Amino acid sequence: MVRPRIVPRDFYLDAPDVVARGLLGKLLVRRYESGPHTKPQRLAGRIVEVEAYFGVDDPAAHTFAGKTARNAVLFGPPGFAYVYFIYGMYFCLNISCEPDGKPGGVLLRALEPVEGLDTMARLRGLDSTAKPRLLTSGPGRLCQALGVVRDTHNGIDVTRLRSGLHVEDDGFVPEEIAVSTRVGIRKAADRPLRFAIAGNRFVSR
DNA sequence: GGAGCGATGTCCT
DNA sequence: GGACATCGCTCCG
């Protein structure tokens, strides 16, 4: 392992499938403050499952029908969080990629929890003895475990420490990447754009 | 352990 | 009005 370093904006300039593969093994880190007088805590998980969404020629992408108020972040510069509300209950987190003006993003689907598991369990409404797998295996679950919500996090820069949500590289490199089709979509459901660390227990489903 | 299904808010057709 | 990049519960094997 290397001294952890924040993943720079250049990393996110590439096409969604390239960025998606590259994100596997990186750490998603949240600086979480439970109250005004408590000191911030690090919540961190290793990214083990992602999906790529192309901007224009991908019918499954939120950006397929053009720019709207909701998806504007995906049309902006790379390295920003796109958080949206789904099924009336959950949030999902993407990171924008491609140059400014060209839409594209990567959905984070599962983490292997690394730091702050107790707090993650509490935020998920689970007992601290709950199986770690229930904390962050799934796009809605990982947002809940890290306290990621749209009001606070949509549009923030994940290449800045002060954002409170960033991605860092500690040198971990996955041995093998498993490729499959994306989960939970109807359109373009046959495209091989889901990537996961092969054999990792924290991959969803 | 897996299929089926209801909950529930926001956005665009 | 319908679809939705989900989850957790029930029921069945």
Side-chain angles (χ1 to χ4, degrees), chain A residues 12 15-21 23-24 28 45 47-76 78 80-98 103-113 120-155 158 165 167 177-197 199-205:
Chain A
Y12 302 101
D17 56 332
V18 176
V19 175
R21 286 174 177 273
L23 279 171
L24 291 176
L28 179 66
I47 299 169
V48 300
E49 180 188 349
V50 293
E51 286 177 358
Y53 286 88
F54 284 83
V56 182
D57 51 359
D58 182 358
H62 286 182
T63 50
F64 184 66
K67 188 173 177 177
T68 65
R70 178 174 71 143
N71 65 27
V73 175
L74 293 174
F75 284 81
F80 285 77
Y82 167 54
V83 181
Y84 67 92
F85 191 55
I86 188 70
Y87 295 115
M89 261 177 248
Y90 301 101
F91 295 102
C92 291
L93 169 66
N94 291 242
I95 300 177
S96 65
C97 49
E98 304 269 29
V106 175
L107 170 70
L108 303 188
R109 286 197 55 88
L111 308 176
E112 175 169 349
M120 290 185 191
R122 188 166 54 74
L123 288 169
R124 290 266 299 118
L126 300 171
D127 192 79
S128 59
T129 60
K131 293 189 197 317
R133 207 177 167 285
L134 292 176
L135 299 177
T136 52
S137 293
R141 288 171 171 175
L142 74 88
C143 282
Q144 193 174 39
L146 298 189
V148 169
V149 294
R150 187 174 62 177
D151 285 354
T152 307
H153 298 104
N154 188 50
V158 300
L165 185 68
V167 180
I177 293 175
V179 183
S180 55
T181 55
R182 295 175 294 186
V183 175
I185 57 170
R186 301 169 67 90
K187 294 169 284 188
D190 56 341
R191 297 184 68 176
L193 293 174
R194 175 182 182 223
F195 306 96
I197 296 181
N200 187 282
R201 305 196 323 277
F202 295 89
V203 173
S204 69
R205 292 211 202 183

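Numbers restart at 1 for each chain; the letters A, B, ... are given by sequence-line order, proteins then strands. What you are looking at is a predicted structure, and each value in this text was computed from that prediction instead of being measured.
Following rounding to the nearest Å, A:E49 (CD) and C:dA5 (P) show an atom-to-atom distance of 16 Å. As a whole-Å value, the separation of A:F85 CZ from C:dT6 P is 14 Å. C:dA5 atom P lies 19 Å from atom CD1 of A:I95, rounded to whole Å. Summarising the geometry, the separation between CZ on A:R133 and P on C:dC7 is reported as 11 Å, rounded to the nearest angstrom. We find that CG of A:L107 is positioned 5 Å from C1' of C:dA5, with the value rounded to whole Å. We find that CZ of A:R194 is positioned 11 Å from P of C:dT6, with the value rounded to whole Å.
Side-chain N or O atoms of A:E51 include one that pairs as donor or acceptor with a backbone N or O of A:V183 at under 3.5 Å. Distance alone, capped at 3.5 Å, places no donor-acceptor pair between the A:E112 side chain and the A:N200 backbone.
Partners of A:T129 by side chain to side chain donor-acceptor pair (under 3.5 Å), not counting sequence neighbours, listed by chain and number: A:D127. Residues satisfying the salt bridge (charged side-chain N to carboxylate O under 4.0 Å, His left out) test with A:E98, not counting sequence neighbours, are A:K102. A:N154 meets the side chain to side chain donor-acceptor pair (under 3.5 Å) test with no other residue; sequence neighbours excluded.
For DNA chain C, the neighbouring residues in residues 54-66 of chain A, judged by any heavy atom under 4.0 Å, are A:A60, A:H62.
Pairs engaging residues 179-193 of chain A under the side chain to side chain donor-acceptor pair (under 3.5 Å) rule: A:D58-A:R182, A:S180-A:R194 [sequence neighbours left out]. Sorted by first and then second residue, the salt bridge (Lys or Arg N to Asp or Glu O under 4.0 Å) pairs involving residues 61-73 of chain A (not counting sequence neighbours) form an empty list. The stretch residues 144-154 of chain A participates, sequence neighbours left out, in no salt bridge (Lys or Arg N to Asp or Glu O under 4.0 Å) pair at all.
Put simply, the side chain of A:L93 does not reach to within 4.5 Å of the side chain of A:H153, judged on heavy atoms. Using a 4.5 Å heavy-atom threshold, the side chains of A:L165 and A:L28 count as touching.
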| task | Using Watson-Crick or G-U wobble pairs with both distances under 3.5 Å, give me DNA chain B in dot-bracket, 5' to 3', with [ ] for crossers and | for pairs to another strand. | result | |||||||.||||.
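In this structure, A:R70 reaches the sugar-phosphate backbone alone: every heavy-atom distance under 4.0 Å involves primed, P, OP1 or OP2 atoms, never a base.
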Pull out every protein N or O sitting under 3.5 Å from an N or O of nucleotides 8-13 of chain C, one pair per line with the distance.
unit_1	atom_1	unit_2	atom_2	d
C:dG8	OP1	A:R124	NH1	3.0
C:dG8	OP1	A:R124	NH2	2.8
C:dG8	OP2	A:R141	NE	2.8
C:dG8	OP2	A:R141	NH2	2.6

Under 3.5 Å donor-acceptor pairs involving side-chain atoms of residues 80-87 of chain A, not counting sequence neighbours:
unit_1	atom_1	unit_2	atom_2	d
A:Y82	OH	A:H62	ND1	2.7

Please set out all donor-acceptor pairs under 3.5 angstrom arising from side-chain atoms of residues 133-148 of chain A, sequence neighbours excluded.
unit_1	atom_1	unit_2	atom_2	d
A:R133	NE	A:R201	O	2.9
A:R133	NH2	A:V203	O	2.9
A:T136	OG1	A:L111	O	2.8
A:S137	OG	A:R133	O	3.1
A:S137	OG	A:F202	O	2.7
A:R141	NH1	A:S137	O	2.9
A:Q144	OE1	A:R124	NH1	2.6

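When each of A:M89 and A:R150 is assigned the nucleotide of DNA chain B with its nearest heavy atom, A:M89 is the one assigned upstream, toward the 5' end.
A nucleotide of DNA chain B counts as in contact with chain A when one of its atoms lies under 4.0 Å from a heavy atom; the first and last such, 5' to 3', are B:dA7 to B:dT13.
Between A:R109 and the phosphate of C:dT6, there is a side-chain N or O to OP1/OP2 separation shorter than 4.0 Å.
Scanning both residues, A:I47 and A:I197, for their nearest heavy atoms gives O-CD1, 3.7 Å.
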